[in-house]
Amino acid sequence: METIGSQKIWSFFDRRGCQVAKNSAVREGPGHRVGSYLELATKIAELQFLNRDHVLLFRGQGADYRNIKRNSSLKPTLFRGGRGNPDQATLVGRFDALQRAERILIAEYAREKLLGLERLKRHRILRWSILQHYEVCTTPLLDVTHSIRIAASFASLAETGTAFLYVLGVPNLSGAITASAEAGLQIVRLASVCPPSAVRPHIQEGYLLGEYPEMSGTEQKENYFPYEMDFGRRLVAKFSFAPASFWKNDNFPQVARSALYPSERSDPLFRLALGVKKQLGG
């Protein structure tokens, strides 16, 4: 994966306003503090205007997880470990579980006669996207969103004193799946690959980020350094805020947990995903 810092980016660090930055400085920093949703949205609008070569996507977290070099780390769940990187046996087990989950997902799609079965059979990254988004098992993909409000609401769910919102720069989006060999990146727009009856992807305005070419197994992973599978390399900016005061403006309320995670009764794809997870032994 290409490091976005190899290009000129604009970011926020202190009260001097938006300035030319390097990706490494964004990752090392504590996060630019914002006091309200409106302030955050205003500053992201400036980022999008100045970083016009990139589309901005967002991820919210209740904590700023760092790697051994103390840089913010945004790794897919499959590549996370207690000390940063899982051992070989753990990776093999995770890839095996992922492959089993893919087979079960296809079978359940066919049984439920959901739209998009043929496309699901053909494209592994679509199977991974559904398994990741519905938290069936670990995958090589990272959840992000096109919505600032959704990302900030997710960050606030952890109910920590300080939450974080990450701004990632990606190539221009084109269709349901964008693949950039130059950036070493794939971007999946969930609303375009899930059946219309699926609620969660539409509510969350969800996207998935993955390596290009796909990281299909442990043998292929050997061709990469661990830091190359960290989407922190795509960070344009990092914001921090206090959830307790961030949502005080009634014009910009936090999205409730029940809205972010529709029940299985209202989301048939979630119901199917729960069945896949149960068969998988999760």
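F154 is linked by a ring pair (Phe, Tyr, Trp, His ring centres under 6.0 Å) to Y261, counting only residues two or more places apart in sequence or in another chain.
Taken from OH in Y65 to OG in S72, the straight-line distance is 12.0 Å, to the nearest 0.5 Å. To the nearest 0.5 Å, atom OH of residue Y207 and atom CG of residue L141 are 15.0 Å apart. If you take CG on L272 and CD on E264, they are separated by 11.5 Å, rounding to the nearest 0.5 Å. Rounded to the nearest 0.5 angstrom, S153 OG and F246 CZ are separated by 8.5 Å. Put simply, OG on S129 and NE2 on H123 are 11.5 Å apart, with the number rounded to the nearest 0.5 Å. Rounding to the nearest 0.5 Å places CD1 of I130 at 9.5 Å from CG of L208.
Taking the side chain as every heavy atom from C-beta outward, R189 and I177 never approach each other to under 4.5 Å. Contact annotation: the side chain of P171 never approaches that of V55 to less than 4.5 Å [non-hydrogen atoms, C-beta and beyond]. With a 4.5 Å cut-off on side-chain heavy atoms, K121 and L117 count as touching. Residues F13 and P30 fail the side-chain proximity criterion, which asks for heavy atoms closer than 4.5 Å. Contact annotation: the side chain of R59 approaches that of L74 to within less than 4.5 Å [non-hydrogen atoms, C-beta and beyond]. Within the 4.5 Å cutoff, no side-chain heavy atoms of L168 are placed close to those of L56.
Considering all non-hydrogen atoms of both residues, H202 and A198 come closest at CD2-O, 2.7 Å. Scanning all heavy atoms of the two residues, the minimum distance from F241 to S156 falls at CE1-OG, 3.5 Å. Between F58 and S147 the shortest heavy-atom distance is CD1-C, 3.9 Å. For R119 against A176, the heavy-atom pair with the smallest separation is NH1-CB, 4.5 Å. In plain terms, the two heavy atoms of P86 and L78 that are nearest each other are CG-O, 3.9 Å. Across all their heavy atoms, P262 and D267 have their closest contact at CB-CB, 4.4 Å.
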Residues W128, E102; criterion side-chain contact (heavy atoms from CB on, under 4.5 Å); working and verdict:
CA-CA 7 Å; W128 287 359; E102 290 180 62; 3.1 Å; yes

Intermediate values then yes/no, side-chain contact (heavy atoms from CB on, under 4.5 Å), L57 and L209:
CA-CA 10 Å; L57 297 175; L209 302 182; 4.1 Å; yes

R149 and Q254: CA distance, side-chain angles, deciding distance, side-chain contact (heavy atoms from CB on, under 4.5 Å) verdict
CA-CA 7 Å; R149 187 170 166 227; Q254 178 182 348; over 6 Å; no

side-chain contact (heavy atoms from CB on, under 4.5 Å), that's the test. Do L98 and T138 meet it? Break it down for me.
CA-CA 7 Å; L98 178 56; T138 61; over 6 Å; no

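Under the 3.5 Å distance criterion, the side-chain polar atoms of R66 are matched with a main-chain donor or acceptor of E28. Here the side chain of D64 pairs no donor or acceptor atom with the backbone of T162 at under 3.5 angstrom. Side-chain atoms of S11 come within 3.5 Å of backbone N or O of V236 as a donor-acceptor pair. At least one donor-acceptor pair closer than 3.5 Å links the side chain of K238 to the backbone N or O of R27. A donor-acceptor pair is defined here as one N or O able to donate and one able to accept, closer than 3.5 Å; no such pair exists between the side chain of Q99 and the backbone of R94. Put simply, the side chain of Q61 gets close to the backbone of A63: a donor and an acceptor are under 3.5 Å apart. Using a distance-only test at 3.5 Å, with no hydrogens or angles considered, no donor-acceptor pair links the side chain of N51 to the main chain of H54. With T178 contributing its side chain and Q186 its backbone, the two residues share no donor-acceptor pair below 3.5 Å. Side chain of N67 to main chain of S73: no donor-acceptor pair is present (N/O by atom type, distance under 3.5 Å, no hydrogens or angles). Between the T145 side chain and the G206 main chain, no donor and acceptor come within less than 3.5 Å of each other.
Listed by first and then second residue, the ring pair (Phe, Tyr, Trp, His ring centres under 6.0 Å) pairs involving residues 16-49 are F12-H32, H32-F239, Y37-W247, Y37-F252 (not counting sequence neighbours).
Transitive grouping of hydrophobic side chains (ILVMFWY, heavy atoms separated by less than 4.5 Å) brings L114 and V188 into a common cluster. L115 and F270 end up in different hydrophobic clusters when Ile, Leu, Val, Met, Phe, Trp and Tyr side chains are linked at under 4.5 Å. Under the 4.5 Å side-chain heavy-atom criterion for Ile, Leu, Val, Met, Phe, Trp and Tyr, L38 and L47 are members of the same hydrophobic cluster. The hydrophobic clustering, which links ILVMFWY residues whose side-chain heavy atoms are closer than 4.5 Å, places F231 and L173 together. When hydrophobic clusters are built by joining Ile, Leu, Val, Met, Phe, Trp and Tyr residues whose side-chain heavy atoms come closer than 4.5 Å, directly or via intermediates, I106 is grouped together with L280.
Between E39 and K43, at least one side-chain nitrogen of the basic residue sits less than 4.0 Å from a carboxylate oxygen of the acidic one, meeting the salt-bridge criterion.
The number of heavy atoms from other shown groups lying within 6.0 Å of CG (N251) is above 12.
Side-chain contact, Q132 with T77: a donor N or O sits under 3.5 Å from an acceptor N or O.
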